[in-house]
2 protein chains.
Amino acid sequence: MSHAAQRPAGPAVRGGGRPTLEAVAALAGVGRGTVSRVINGSPRVSDRAREAVEQAIAELGYVPNRAARTLVTSRTDSIALVIPETETRLSSEPFFNDIIRGVSAELADTDMQLLLILVRTDKERDRLATYLAAHRVDGVLMVSVHEDDPIPGLLERIDMPSVLVGRRSELEPLSYVDADNAGGARMAVRHLLRRGCTRIATVTGPLDMEPARARLAGYRKALEEAGLGGDEDLVGRADFTESGGREAMRGLLGRRPDLDAVFCASDVMAAGALQVLREAGRRVPEDVAVIGFDDSIIARHTDPPLTSVRQPIEEMGRTMARLLLEEVSEEGRARRQVVLATELVVRASA
Amino acid sequence: MSHAAQRPAGPAVRGGGRPTLEAVAALAGVGRGTVSRVINGSPRVSDRAREAVEQAIAELGYVPNRAARTLVTSRTDSIALVIPETETRLSSEPFFNDIIRGVSAELADTDMQLLLILVRTDKERDRLATYLAAHRVDGVLMVSVHEDDPIPGLLERIDMPSVLVGRRSELEPLSYVDADNAGGARMAVRHLLRRGCTRIATVTGPLDMEPARARLAGYRKALEEAGLGGDEDLVGRADFTESGGREAMRGLLGRRPDLDAVFCASDVMAAGALQVLREAGRRVPEDVAVIGFDDSIIARHTDPPLTSVRQPIEEMGRTMARLLLEEVSEEGRARRQVVLATELVVRASA
DNA sequence: CTAGTGTGTGGGAGCGCTCCCACGAGGCAT
DNA sequence: ATGCCTCGTGGGAGCGCTCCCACACACTAG
């Protein structure tokens, strides 16, 4: 026995000495197959064997080696959250945070890993394409898709389970979760109409993004229903940024100095609009009522606090994750599309 | 040859038919070893072989199988960004976004994957501990550490390369990247002193967090240097939240109605303080000057816009990632500690 | 001539798991 | 008794890579 002690570090010590399936099997007095069955929840295991294995696992602190499992199953047990970030939106809007929270919450008691991939440049986009084509994730969650983004098309082609937040167009073939943008916008404009406003302008987001289009459509629909539609001078185009909101507001005031309300397709743009209105000497909401969209943190801090359309962002994140998990686990994948209701949060600005 | 066509799907089709090392080797007319050497940039390859391999890789669209590599090297080529999220900070502050951006930017031309792990509950914390102990990532980036958080201690024990943003205490043993919180606070208070303020209060963050302590220390230091230190009535404790800021401000006004300035350890708390000051009929900055910390998006939208101490958050993210990559790749790991300068952004509130 | 040194290469072994085949034990009908 | 299920089980094969040993070949030195 004594010579065993002087034997140099044997094979058992390799790799930090973390226990393997085989070690568990040995301790439990069963074969590798049985341990594997216990871990993967197969019903074909006797109670006696199961208990022995579970105890051995606890005793050794065994954790399965993910790479080994991936190698044989070619499942990776991880999904990617892809955020194209050509705009600076990520830093200014809590949107992504809430999505991340929702997704993460839904994944919490799965053993799915969440990979975060920001895409800034075309070079990074190419890398991502290679990455996805190599099937290094089981599924993809994608945020803030522009209509001309090539990634969703790629996802379709390589048959990668994926869920978008927001659709690219009205007939999005991929699964998606979206807020009822049109409905929210319509609700906001109706609120302005009830207040007695009649010359209601809008500041839109970039119209190559479906949410921006849908919000514009909701705005138009509400006005048409009230018999007030058709005045294109009341539509100011912007890009979801604060400075864009400022410029669009200046344009609107130039074209239609008599406007009495503005529906902005984002809070950030509404904040810009408020600045311009103040500079122009208009009181909010007495002269011009203002409504934003997103109900983000800045809505509570503008002067006056902003009435805004709230989207259930965290729930959208949770739903995305849920849909993706279903799509990943199922054989015959049905694409799913979910639209969640929005809600008007009334504050002082309208 | 004709019978080959009716052979059922053979082994070559398995796993979606993605090409393997072996396929590349066959096409290039070399052995597996040589292909592996080319991929891993070994110098011991002839130019002829290298070219043949590179062409074969391009032709087949070969991408190495990460799991297979991980299995043998026990490197995972991925790092985790851990965000404890007991507070609601994640949703309200762009801090995390900017950190994420910085980290992601630094990782962009590495082939490191970024795993995002939010920790809400103790159960999730335990899962994380198991996860980390199983060495499923090469390194850990950790944000927003409370002094009593058990995770950093675990990281130390299992000798996991890791970098914190912000230290737990003055003698943090792990690597970290921090902003010069004390310096920034001192700068802010000096600015108030230069304005002629003499009864300068502060609203602190939770004092179990080092940044909160450091900002308080900077505040005290500036006052001492001006011979104005020692008045504990001027210190209001809060917790980095808006409502906390409101309550602390009320307390301060109650104790010291004559105060003429407040340095708040976060913008969110400053926003709360501003509300209370307005309700109390104090003008900002004429009666009471206010300075925040973080220069977050809300600083630009409060009324009046908030003078605030800016931290280079995105750069902190980049630096964290860089330090971690060094720590992961090096053998003898030296812990590194970097403190980045802060900057005062002057707006209307002080 | 032999011995020695180095450089590029091929391929065996093996990482830790899952999949699947084969096998023994027990139950039930014939 | 024999046949034929089913159920639980053990363990071989193999996933795609890296590591490393052995070997061929080309030199240079003795």
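Worth knowing before you read on, the calculation uses all heavy atoms, side chains too, and leaves out hydrogens, waters and symmetry mates. Being a predicted model, the structure only gives us computed values, none of them experimental. Every chain is numbered from 1, with letters handed out A, B, ... down the list of sequences.
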Nearest to the A/Arg44 side chain among D/dC17, C/dT18, D/dC7, which nucleotide is it? D/dC7
Please report the distance, rounded to the nearest Å, between CG in A/Leu21 and P in D/dG10. 13 Å
Are A/Ser46 and D/dT9 close enough that a side-chain N or O sits under 4.0 Å from OP1 or OP2? yes
Closest of C/dC15, C/dG10, C/dT18 to the B/Val72 side chain is C/dC15
Just checking, is any N or O donor in the side chain of A/Arg136 or A/Tyr131 under 3.5 Å from an acceptor N or O on the other one? no
Between B/Asp126 and B/Lys123, is there a salt bridge with N-O shorter than 4.0 Å? no
Any A/Thr73 side-chain nitrogen or oxygen under 4.0 Å from OP1 or OP2 of C/dT18: no
Separation of atom CD1 in A/Ile39 from atom C1' in C/dG16, rounded to whole Å: 11 Å
Tell me the interatomic distance from B/Leu60, atom CG, to D/dG16, atom C1', rounded to whole angstroms. 15 Å
Starting from the C-alpha separation in whole Å, work towards a yes-or-no answer on side-chain hydrogen bond (donor to acceptor under 3.5 Å, both in side chains) for A/Ser104 and B/Arg120. CA-CA 10 Å; A/Ser104 160; B/Arg120 270 162 295 255; 2.9 Å; yes
Any base atoms under 4.0 Å from A/Ala49, or only sugar-phosphate, or nothing? Heavy atoms, all strands. sugar-phosphate
Mind calculating the distance between CZ (A/Arg69) and P (D/dG16) to the nearest angstrom? 18 Å
If we only count heavy atoms from C-beta on, is the B/Leu141 to B/Leu81 side-chain gap below 4.5 Å? yes
Rounded to whole Å, CD of A/Glu51 lies from P of D/dG8 at a distance of 15 Å
Side-chain N,O (B/Asn65) to OP1/OP2 (D/dC15) below 4.0 Å: no
B/Arg75 CZ to C/dC15 P, straight-line distance once rounded to whole Å: 18 Å
Report yes if a donor N or O on one partner sits less than 3.5 Å from an acceptor N or O on the other, where the partners are the side chain of B/Arg32 and the base of C/dG12; otherwise report no. yes
To the side chain of A/Ala68, which of D/dT9, C/dG16, D/dG16 is closest? C/dG16
Run the numbers on B/Ser175 and B/Glu327 for side-chain hydrogen bond (donor to acceptor under 3.5 Å, both in side chains), then give the verdict. CA-CA 9 Å; B/Ser175 294; B/Glu327 211 169 284; 2.6 Å; yes
Mind checking if A/Arg37 touches a base, just sugar-phosphate, or nothing, with heavy atoms under 4.0 Å? base
B/Asn40 has its side chain closest, among D/dG10, D/dT18, C/dC17, to D/dT18
Indicate, yes or no, whether a donor-acceptor pair under 3.5 Å links the base of C/dG16 to the side chain of A/Arg18. no
Interatomic distance, A/Arg66 CZ vs C/dT18 C1' [rounded to whole Å]: 16 Å
Rounded to the Å, how far apart are B/Asp77 CG and D/dT18 C1'? 13 Å
Closest to the A/Leu71 side chain: D/dG10, D/dG16, D/dT18? D/dG16
